[in-house]
Protein chains: 2
Amino acid sequence: MKQKITLKHIARELGVSISTVSKALKNSEEISVDTKEKIQAFAKLYNYKPNNIAVSLKNKRTKNIGVVIPDIVHHFFTTVFRGIEKYANGQGYNVIICVSDESFDKEVINMEMLNNGSIDGFIMSLSAETQQKNDINHLREVVDQGIPLVLFDRVTDDIDCDKVILNDREIAYKATVKLLEEGRKRIALATTESYFNVSEKRAEGYKQALTEYGIELDDNLVLVLPYDDIKEEVINDFFEREAVDAVLSVNEIFAIQCMSVAKKRGMKIPEDISFIGFTDGLLSRYSNPRLTVVAQHGVTMGEEAAKMLIDRVEREIDGNDEEAYRTHIVEATIIERESTKN
Amino acid sequence: MKQKITLKHIARELGVSISTVSKALKNSEEISVDTKEKIQAFAKLYNYKPNNIAVSLKNKRTKNIGVVIPDIVHHFFTTVFRGIEKYANGQGYNVIICVSDESFDKEVINMEMLNNGSIDGFIMSLSAETQQKNDINHLREVVDQGIPLVLFDRVTDDIDCDKVILNDREIAYKATVKLLEEGRKRIALATTESYFNVSEKRAEGYKQALTEYGIELDDNLVLVLPYDDIKEEVINDFFEREAVDAVLSVNEIFAIQCMSVAKKRGMKIPEDISFIGFTDGLLSRYSNPRLTVVAQHGVTMGEEAAKMLIDRVEREIDGNDEEAYRTHIVEATIIERESTKN
DNA sequence: TTGTAGGCGTTATCAT
DNA sequence: ATGATAACGCCTACAA
């Protein structure tokens with residue numbers, strides 16, 4: 001087992017000083033060609049690599065970014081993460097990831113765990129519980145300390161920082177219009193509890209479209225489902241109770257499940273009923289019929305978030321940190337598949 | 001923006017020495033109760049936290065672990081990662097993740113990016129390309145340097161280190177036996193290119209079962225599909241060509257797609273044909289019929305991998321690092337759903 | 001051209 | 001009970 005080699009080792013071995021070695025390895029003009037070659041050869045031979053930790057301590061920057069997300073076993077977050085990781089690695093940054101598991105406490109703990117010099121900035125999407133309580137002191141603290149923070153998707157208006165969001169309201173509006181243009185009259189909205197800001201925004205778009213098309217809002221057509229452990233009967237009861245000819249769902253699971261129940265009830269898709277879901281995941285692509293979806297372009301969101309964060313981190317280093325906070329809006333698109341007419 | 005506070009700040013502010021502050025914050029007996037209280041109060045007020053980077057440099061350990069996996073937008077890896085993250089965080093470790101994207105070069109780059117003091121050890125699953133080339137010098141180098149390494153799932157026999165794998169052969173055997181016990185005679189195997197060690201192992205189990213049940217192996221029943229961009233015609237041609245009454249698939253996507261084609265061809269599931277796939281992901285749970293699967297217990301694998309790694313890291317610190325390498329085998333289980341008879 | 005010294009923030013050993 | 005000093009590995013302004 002060969003130990004990691006340091007400047008000190010090289011210096012001692014070659015009978016020169018540490019700073020000579022340091023300069024030689026940076027190809028400094030100060031050092032004679034001879035010694036440079038000797039030192040560089042030696043360093044290469046022993047595969048010298050500067051110790052990142054020491055460099056971080058010196059530079060007061062780690063080239064690490066911290067990502068705190070509610071869930072990793074979830075297609076959307078996974079794609080966003082992919083975008084973050086891709087961009088960050090390209091810029092020489094590493095990504096430390098923590099999962100809050102939709103828990104406020106874990107979110108706070110995760111942030112504290114990272115906020116001790118381990119990272120140069122945060123990229124986050126709020127946990128369900130955090131959105132519900134709307135307790136954001138942990139975010140405020142980070143911002144107050146001057147640590148760059150980028151929020152994506154599940155954001156809050158109560159904190160001033162960079163943000164990356166989807167045009168949720170507009171795309172929900174468009175999706176609803178699409179259903180209306182198909183001639184649908186009784187469009188249901190399958191959604192989560194209302195404390196998710198994105199669900200709220202999507203509901204707004206849905207309602208706006210209906211209103212514009214002169215259709216009276218009917219709260220009975222709004223089906224609120226729990227995040228997990230969905231019971232088929234609930235959905236079946238819903239279809240039993242309400243005559244529905246289209247469903248807009250804020251995620252793909254709800255859409256798939258509603259579609260499944262509709263099929264069992266003998267409805268033809270998309271002849272009798274249309275479906276559109278948010279999230280272009282595997283479920284939508286491999287369902288039967290394949291689901292028309294709102295693609296959230298998670299990778300783009302992630303890349304953009306990482307770019308905003310790293311830009312700000314590097315700007316701070318250069319001293320001109322007083323750039324105004326921006327909110328970048330990623331444009332969702334509708335991918336038409338078999339669950340809608342066209 | 002209040003700057004991060006350090007021992008030095010506190011010392012200066014309170015007119016004591018840095019070492020006094022350090023000791024006081026550790027509740028050392030050496031320090032008088034008075035000064036301790038004063039210092040601790042001050043530290044709490046200004047929310048002092050030791051700088052992790054400095055501590056890492058001093059201790060020569062980072063409490064970070066590096067994870068390099070082929071793909072994050074993939075249910076199995078995602079669940080393993082979840083297990084790693086969960087266990088590691090519980091032990092006060094952070095997780096830095098890099099995605100190799102099934103590319104050998106990226107895998108090497110990722111490892112180099114981390115292997116400069118940023119982490120205490122690696123958890124990895126090999127990229128497709130790495131398995132194909134079987135070039136593992138980058139792993140060997142890490143091991144030679146004495147950096148703990150744990151391989152999971154996509155491992156190689158050519159490197160000596162801790163490993164966590166699934167009992168792929170046995171469970172494939174069991175799954176095949178299950179199909180045989182249903183009375184199936186023409187069982188297809190839907191698999192990937194053979195350089196994946198797991199696919200190989202699964203194929204072995206499949207073949208063993210057939211042999212034991214006195215069924216002659218028929219290579220025409222082995223359907224090799226590309227990892228992505230699967231063409232339905234290929235599958236359809238396969239069904240056209242071969243009379244098949246069951247399919248064992250090494251992943252869930254292949255199973256779902258085969259199932260879909262079979263349905264289109266008018267076959268009844270599971271009356272005419274049964275399906276079993278590996279990976280208990282969303283697709284299997286929400287397919288129609290719901291797919292019987294081999295659950296790989298990714299979270300368990302991840303937890304176990306993290307435990308093995310951290311144990312070894314901490315053992316090394318205590319000096320007794322000469323523990324033999326272990327291979328931990330996680331027992332897969334079959335989850336029976338609607339795509340098989342029971 | 002090369003080397004010395006100080007510092008990044010923390011900890012541990014050894015004075016006082 | 002408190003403080004000075006050195007060290008972790010690296011970098012850099014300044015001396016020689």
Side-chain angles (χ1 to χ4, degrees), chain A residues 2-40 42-43 46-64 92 115-120 145 316-317, chain B residues 2-40 42-43 46-64 92 115-120 145 316-317:
Chain A
K2 36 179 181 180
Q3 263 293 335
K4 272 258 113 166
I5 195 168
T6 70
L7 291 183
K8 197 197 257 186
H9 293 135
I10 302 182
R12 195 183 302 142
E13 214 61 34
L14 262 42
V16 293
S17 79
I18 293 179
S19 57
T20 304
V21 177
S22 174
K23 286 171 187 165
L25 292 177
K26 297 199 128 53
N27 236 321
S28 162
E29 289 305 323
E30 296 180 31
I31 308 295
S32 74
V33 180
D34 276 11
T35 25
K36 272 201 285 196
E37 279 179 354
K38 187 177 61 175
I39 292 173
Q40 286 170 0
F42 190 92
Y46 286 94
N47 192 24
Y48 170 80
K49 296 248 191 54
N51 179 318
N52 218 320
I53 300 294
V55 175
S56 293
L57 183 59
K58 179 112 248 280
N59 297 162
K60 294 166 150 249
R61 45 191 306 248
T62 60
K63 289 220 149 201
N64 286 157
N115 188 20
N116 52 14
S118 299
I119 54 147
D120 294 338
Q145 281 175 33
E316 282 197 352
I317 291 159
Chain B
K2 37 179 177 179
Q3 261 294 333
K4 271 256 116 164
I5 195 168
T6 69
L7 290 182
K8 197 197 254 188
H9 294 135
I10 302 182
R12 196 184 301 144
E13 213 63 33
L14 262 41
V16 292
S17 79
I18 293 179
S19 50
T20 303
V21 177
S22 175
K23 287 171 187 164
L25 292 177
K26 298 200 126 53
N27 237 318
S28 161
E29 289 306 323
E30 294 179 33
I31 308 296
S32 75
V33 180
D34 276 11
T35 27
K36 273 203 285 197
E37 280 179 354
K38 190 177 61 177
I39 291 173
Q40 287 170 0
F42 189 91
Y46 286 94
N47 191 27
Y48 170 79
K49 297 247 192 55
N51 179 319
N52 219 319
I53 299 293
V55 174
S56 292
L57 182 59
K58 185 109 244 285
N59 296 162
K60 294 169 147 245
R61 43 190 307 247
T62 60
K63 289 220 149 201
N64 286 156
N115 188 20
N116 52 16
S118 298
I119 54 147
D120 295 337
Q145 281 175 34
E316 282 197 351
I317 292 158

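We use all heavy atoms of the structure for the numbers below, so side chains are in, but hydrogens, waters and symmetry mates are not.
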Out of C:dC14, D:dC14, D:dC8, which nucleotide sits closest to the side chain of B:Lys23? C:dC14
Side chain of A:Thr20 only, heavy atoms from C-beta on: which candidate in C:dG3, C:dC8, D:dC11 is closest? C:dG3
Grab the two heavy atoms, one from [X] and one from [Y], that are nearest each other, plus how far apart they are.
| X | Y | value |
| --- | --- | --- |
| B:Ser56 | A:Ile53 | CB-CG2, 3.9 Å |
| B:Ala24 | B:Ile39 | CB-CD1, 3.6 Å |
| A:Phe42 | A:Ile10 | CD2-CG2, 3.8 Å |

When you check the phosphate oxygens OP1 and OP2 of [N], does a side-chain N or O of [X] lie under 4.0 Å from one of them?
| X | N | value |
| --- | --- | --- |
| A:Lys58 | D:dT12 | no |
| B:Lys26 | C:dT10 | no |
| B:Ser17 | D:dG3 | yes |
| B:Lys49 | C:dG9 | no |
| A:Ser19 | D:dC10 | no |
| A:Ser22 | D:dC11 | yes |
| A:Tyr48 | D:dG9 | no |

So what does B:Thr35 touch, heavy atoms closer than 4.0 Å: a base, only the sugar-phosphate, or nothing? sugar-phosphate
For atom [atom1] of [X] and atom [atom2] of [N], their distance in whole Å:
| X | N | atom1 | atom2 | result |
| --- | --- | --- | --- | --- |
| A:Lys36 | C:dG3 | NZ | P | 15 Å |
| B:Lys8 | D:dG3 | NZ | P | 16 Å |
| A:Leu7 | D:dC8 | CG | P | 12 Å |
| B:Ile18 | D:dA4 | CD1 | P | 9 Å |
| A:Arg12 | D:dG9 | CZ | P | 10 Å |
| A:Ile39 | D:dC10 | CD1 | P | 14 Å |
| B:Arg61 | C:dT10 | CZ | P | 18 Å |
| A:Glu29 | C:dT1 | CD | P | 9 Å |

B:Ser32 vs B:Leu57, nearer the 5' end of DNA chain D by closest nucleotide: B:Ser32
Most 5' of A:Glu30 and A:Thr6 on DNA chain D, judged by nearest nucleotide: A:Thr6
Can you tell which of B:Thr35, B:Thr6, B:Ile31, B:Val16 makes a side chain to side chain contact (heavy atoms under 4.5 Å, CB included) with B:Val21? B:Val16
Report the distance from atom CG of A:Asn52 to atom OG1 of B:Thr62, rounding to the nearest 0.5 Å. 10.0 Å
